[in-house]
Amino acid sequence: MAKKDYPIHEIEKKWQKWWDEIGLHKTRENPKNKYYVLEMFPYPSGDLHMGHLKNYVIGDVVARVKLMEGYDILHPMGWDAFGLPAENAAIKHGIDPREWTYKNINTYKETLKSIGITYDWDREIATCAPDYYRWTQWIFLFLYKKGLAYRKSDYVNYCPNCKTVLANEQVIDGKCERCGTPVVKKKLEQWFFKITDYADRLLEDLKLLEGRWPSKIIKQQENWIGRSEGTEIIFLYQDGRTKLPVFTTRADTVFGVTFITIAPEHEILERILKDSPNREEVEKYIQEALQKTEIERTAEEKEKTGIFTGTYAIHPLTGEKVQIWVADYVLVNYGTGIVMGVPAHDERDYMFARKYGIPIKTVVKPVDGDIEEGELFTDYGVMVNSGEFSGLPSKEGIRAIQKKLKEMGLGGPAVSYRLKDWLISRQRYWGAPIPVVHCPRCGVVPVPEDELPVLLPENIKSFKPQGRSPLEDVDEFMNTTCPKCGGPAKRDPDTMDTFVDSSWYYLRYVDPHNDKEPFSKSEAEKWMPVDQYIGGAEHATKHLIYARFINKVFFDAGMVPSSEPFSALFTQGLVHKKFYWCPVCKEVVEEADVEFKDGPYHKKCGNRLEERVEMMSKSRGNVVRVGPFVREHGADVARITILFAGPAEKDMEWTDAGVEGAKRFINRVWRLYQDNIEKIDKNAKVDPSKLNREEKKLYVTLQRTIYEVRKDSAEFHFNTAIARIMELVNALYSFQNPESPVFSESLQKLVLLLAPFAPHLAEELWHQLGNEDSVFRNRFPEYNEDYLTHDTIEIPVQINGKVRSRILVSVDAGEEEVKRLAMGDERVRKFTEGKVIVKTIYVPGKLLSLVVKDGN
RNA sequence: GCGAGGGUGGCGGAAUUGGCAGACGCGCCAGAUUUAGGAUCUGGUGGGUUUCCCGUGCGGGUUCAAGUCCCGCCCCUCGCACCA
């Protein structure tokens, strides 16, 4: 290490300790000007890497900027500690999930402390702690009482590998989001939260978040909720009594219905099959469909299949008989699970009808022009062959038909959502037990509140998933008495989805030690809503929907002050890193096994390796662990590397070059102070009206830097904020007069500007300048509005649209003067000589544009 | 298929109420310093046939002026996707 290099380690440790001592990060009891900044809490698994750190660094910059703007900050941290990895580690290594989890929490916490983030650790929570999950269970009961938690037997997503059911949100492309195994449908009795009751408000209130949440996330949620306005049409079954409701957005095509199709899972089939002449065949088809994975059923290339039941329904408007089919492309939980088939006006129905020889009947024609009878036409148009509705344009026709159906009592306007109720039961051990008792006499009985928490038993023989909860085998846990009748009863063996834990944690932070209720109304009123939430975009349709739902339930109960939990959201990009992949061996290759010739080669097999740049992950072997990195390079280097690499919302690549740059910058700042420390006059007073030209230039640069850094930080443009600081540092390096008060003032302000980004360095320099308080107890600098521009500016002169010269003018020169100066410029003369100026455009302070034509 | 975002030097990226394209950094080149290397400091660095010309994915257009606006394409990333 060179002599003047920044002694990172002593300094960072020193200030972290001191911040702790002076209670810099303590939350104020009674905030006057509250600001709640929150990063999505981590699942504490093995190692904290740079991909995780980016989230916390961004949060910390926001917290420190707001602190320096005079806000009372709430900035807590905790652990999303229930979940599968702990259990899998238990299965693999025979460790208790508790032990494994708390060990990881300690490592995580230590690492987070080593990077000097401003958390108030007094408010730390862990979702697996009984004093937390007690309240998760309380919330379950709260929803149960409100009729928002219910149990039903349904076809649910089941992962055959994890041996548990999954919420719709946890199925990605038909696969389990954890292990990638194709999900199958299983009929099970499970607990659901009735999030669909809130579908409309979850959609509607997205408007409140516009401009404050990334539009991409808002769109994704809109899409996920998937509100669709249409019409319900009730077809009567051939028995004249059983109702077969369908949902359609194209009621104008109803006269073209030649068949209806029912999802294989649909309960109504039990009734219909009794009349089916080919019952066995249909049942066989249904069985096959149910055994298929979601992927097999929804594969797009796949031709639609179905089977005719041999039974009929009655068309509500024509009275005609239409065939009833069963087909696996119909989804049981969208709309009514029954669709009307209109082959002439729907592509799918058309293919289906052609395949099975079902009649095709044209009932809509283009507004202008004609189509052949039986030809596919899916646009809106004019209704034909539709009785009294013939001649109506589609949209009017839809309204007319809705009206008619309503009068007949056979349907009307209807809304359908893509969003489904939230399945929260899990047949796994490491989660909060569902606090209900099953009594042979009383049925489902909620555990009384004062008996919470229902503790997770500790002596488990096997965590191995069997398709039912491991708790089922723990007699001490399962056997209990009914809270209602006192007779023998069984506990519910399932645990809750971990997304239930995380749907309310931001509320627990406002009152983390409350042992009377999950949080008090008064604390919630002090701090909620979260002013700035920061996290990964992958939670767009999971955590962020669940949390909004739970918050709304509390809002309706008057327990929280706002209908939305997170008033602003920022989603950071991922951290990628290069690694080597052998396309022949099909494996990740460590650097040690790479031979570099004209490119990377695999030492083992001699083949050329691919260089891939992807998200940091253990399996790719491309993680940069935070702990070791900070020990080697320091926290501020890690922070600057992350923040300067590019826009925070975009993915970045972690490179050694980036680390070098950050390090160089920090050392450059450090040297600037070490070289000048005796010359800096802490009490220097600058009178901007009495400065020489060079001083004034620096003074204006300082004001501009302050202006830009403030603006960029507020907009999460940390990369450009740091670039502006670098420019100021460069300007100070070339400044020739270290005795000038402007120099002293600039160095003092620079420390303040740097503080949110490189807090340890800034605190050290602040103290070197002779200050005794913390740099963070000072306000972020203000700029002098009168000195945001330099006196003389360079104005480019365009002639016929091309820049031909630049002239120096005084900043307050008027158009006439600029023109006069331009005409005196040699190069401008050269391009205008003998020509006529036909047009002059002057943009004050920006440019002068001349349009010339050949003379006469 | 639908929706969103993006395509700018050798690289990461700046700049959009239309107004100097390439801020800042990396890399590279040169000089200073040094026994040497490294580190550091200073200067340079879009391309070319260099009084000038060409350059922001491609092709057109509007304008004194286009990365930015309009029309038509291509490519990439992400989300949803048999949604009736």
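These numbers come from the heavy atoms of this one structure, side chains and all, not from hydrogens, waters or symmetry mates. Per chain, numbering begins at 1; letters A, B, ... match sequence-line order. Predicted, not measured: the structure shown is a model, and the values here were computed from it.
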Identity of whatever pairs with [N] - Watson-Crick or G-U, under 3.5 angstrom:
| N | result |
| --- | --- |
| B/U56 | none |
| B/G67 | none |
| B/G5 | B/C76 |
| B/U17 | none |
| B/A81 | none |
| B/U50 | none |
| B/G31 | B/C41 |
| B/G22 | none |

| said: Quick check with a 6.0 Å cut-off and a 45 degree axis cone: is A/R668 positioned over the face of A/Y733's six-membered ring? | reply: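 Ring-cation test returns yes.
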| field | Row check, A/Y380 ring normal vs A/K395 NZ/CZ: under 6.0 Å, within 45° | value |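 That pair qualifies as a cation-pi contact.
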| request: Kindly say if A/R664 contacts the phosphate of B/C26, meaning a side-chain N or O under 4.0 Å from OP1 or OP2. | output: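 For A/R664, the contact criterion (side-chain N or O under 4.0 Å from OP1 or OP2 of B/C26) is met.
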In whole Å, measure the gap between the [atom1] atoms of [N] and [M] for me.
| N | M | atom1 | value |
| --- | --- | --- | --- |
| B/G55 | B/A4 | P | 32 Å |
| B/U45 | B/A39 | C1' | 22 Å |
| B/C80 | B/G12 | P | 28 Å |
| B/G10 | B/G47 | C1' | 13 Å |
| B/C26 | B/G7 | P | 24 Å |

For [X] and [N], what is the distance between atoms [atom1] and [atom2] respectively, to the nearest whole Å?
| X | N | atom1 | atom2 | value |
| --- | --- | --- | --- | --- |
| A/D656 | B/G12 | CG | C1' | 14 Å |
| A/L847 | B/A21 | CG | C1' | 14 Å |
| A/K216 | B/A4 | NZ | P | 12 Å |
| A/I260 | B/A84 | CD1 | P | 18 Å |

Donor-acceptor pair under 3.5 Å, [X] side chain vs [N] base:
| X | N | answer |
| --- | --- | --- |
| A/K304 | B/C82 | yes |
| A/R250 | B/A84 | no |
| A/Q798 | B/G19 | yes |

| request: Indicate yes or no: does A/R250 engage A/D346 in a salt bridge with an N to O separation below 4.0 Å. | output: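 No, A/R250 and A/D346 are not salt-bridged.
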Using a heavy-atom cut-off of 4.0 Å across all strands, would you classify [X] as base, sugar-phosphate, or nothing?
| X | result |
| --- | --- |
| A/D349 | nothing |
| A/V851 | sugar-phosphate |
| A/V838 | nothing |

| Just checking, is any N or O donor in the side chain of A/Y285 or A/T305 under 3.5 Å from an acceptor N or O on the other one? |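 Yes, side-chain donor-acceptor contact under 3.5 Å.
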| Going by atom types only, do A/T701 and A/R704 share a side-chain donor-acceptor pair under 3.5 Å? |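 Looking only at side-chain atoms, A/R704 and A/T701 do not form any donor-acceptor pair under 3.5 Å.
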| field | For B/G12, glycosidic torsion class - syn if within 90° of 0, otherwise anti | value |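 You should classify B/G12 as anti.
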